[in-house]
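From a predicted model like this one, the values you see are computed outputs, not experimental measurements.
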Amino acid sequence: QVQLVESGGGLVQAGGSLRLSCAGSGRTFSRNAMGWFRQAPGKEREFVATTKWGGVSVYYADYADSVKGRFIISRDNTKNTVYLQMNSLKPEDTAVYYCAAGTPIAVVFARDYDYWGQGTQVTVSS
């Protein structure tokens, strides 16, 4: 059974940092795009960041404009885990954050991701 389990969410003040983790099990994801999405109350799920395989041991990262320069996505394939380091957090970053595993070329579209975690709440207070 394939599972993605997020952790690391919580309550933080504006300007603070959090690191989210997403541990995969049931298969390896080294050649999959691994992404983070978020969904705020009353809003649609939106793309945050992705790391995708570029061949051999090369990976590329893409970010939503709203988080570029503040968030960093990384992965450790030996642990089948992807991370999202979130710095300079803002109240508008408050959302449930979801980890997802997708096709090798998946980027911003949720439909290109096949496996999803249950989500972890991030709340940024002003």
Side-chain angles (χ1 to χ4, degrees):
Q1 182 182 3
V2 176
Q3 278 192 317
L4 297 173
V5 180
E6 302 99 332
S7 61
L11 173 64
V12 64
Q13 287 189 331
S17 298
L18 282 175
R19 188 175 85 150
L20 306 183
S21 300
C22 172
S25 61
R27 57 163 288 178
T28 59
F29 296 101
S30 59
R31 297 190 178 189
N32 290 79
M34 299 296 294
W36 287 96
F37 288 75
R38 66 187 182 187
Q39 188 166 19
K43 295 188 176 181
E44 293 187 355
R45 190 170 299 191
E46 66 174 1
F47 167 76
V48 175
T50 190
T51 169
K52 55 184 180 180
W53 187 58
V56 192
S57 59
V58 176
Y59 290 89
Y60 299 99
D62 285 293
Y63 299 92
D65 288 343
S66 59
V67 307
K68 203 170 292 185
R70 299 188 297 122
F71 290 11
I72 301 171
I73 189 170
S74 61
R75 64 197 296 164
D76 184 343
N77 291 329
T78 65
K79 297 180 179 179
N80 221 22
T81 299
V82 62
Y83 305 95
L84 185 68
Q85 177 66 44
M86 306 186 294
N87 301 318
S88 302
L89 282 161
K90 305 175 181 180
E92 51 263 44
D93 294 318
T94 295
V96 177
Y97 283 70
Y98 297 91
C99 168
T103 67
I105 60 171
V107 183
V108 303
F109 298 110
R111 63 175 181 260
D112 293 329
Y113 291 81
D114 302 311
Y115 303 103
W116 291 83
Q118 81 289 348
T120 186
Q121 176 70 47
V122 172
T123 303
V124 185
S125 63
S126 57

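Between the side chain of Gln85 and the backbone N or O of Ile72, no donor-acceptor pair lies under 3.5 Å.
Listed here is the closest heavy atom pair of Val107 and Phe37: O-CZ, 4.1 Å. Counting all heavy atoms, side chain and backbone alike, Tyr113 lies closest to Ala100 at CD2-CB, 3.6 Å.
Side-chain atoms of Phe71 and Leu84, non-hydrogen and from C-beta on, do get closer than 4.5 Å to each other. No side-chain heavy atom of Thr120 sits under 4.5 Å from any side-chain heavy atom of Val96. Looking at Lys52 and Ile105, their side chains never come closer than 4.5 Å, going by heavy atoms from C-beta outward. Annotation: side chain of Trp36 is not in contact with side chain of Thr50 (no heavy-atom distance under 4.5 Å). For the pair Val108 and Asp62, the minimum side-chain heavy-atom distance is 4.5 Å or more. Two residues are said to be in side-chain contact when any heavy atoms from C-beta on lie closer than 4.5 Å; Val82 and Ile73 meet this criterion.
The hydrophobic clustering, which links ILVMFWY residues whose side-chain heavy atoms are closer than 4.5 Å, places Tyr97 and Met34 together.
Once rounded to the nearest 0.5 Å, the distance linking CG of Leu11 with OG1 of Thr123 reads 6.0 Å. The distance from atom OH of Tyr83 to atom SG of Cys99, rounded to the nearest 0.5 Å, is 11.5 Å. For the atom pair Gln118 CD and Leu4 CG, the distance stands at 9.0 Å (nearest 0.5 Å).
A cation-pi contact links Arg45 to Trp116, judged by a cut-off of 6.0 Å to the six-membered ring centre and 45° from its axis.
For Tyr98, the ring pair (Phe, Tyr, Trp, His ring centres under 6.0 Å) test picks out no residue, with sequence neighbours left out.
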Distance-only donor-acceptor hits, side chain of residues 12-31, under 3.5 Å, sequence neighbours excluded:
{"unit_1": "Ser17", "atom_1": "OG", "unit_2": "Asn87", "atom_2": "OD1", "d": "3.0"}
{"unit_1": "Arg27", "atom_1": "NH2", "unit_2": "Asn32", "atom_2": "OD1", "d": "2.8"}

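Each salt bridge (charged side-chain N to carboxylate O under 4.0 Å, His left out) pair with one or both residues in residues 92-107, not counting sequence neighbours, appears once here: Arg38-Asp93, Arg70-Asp93.
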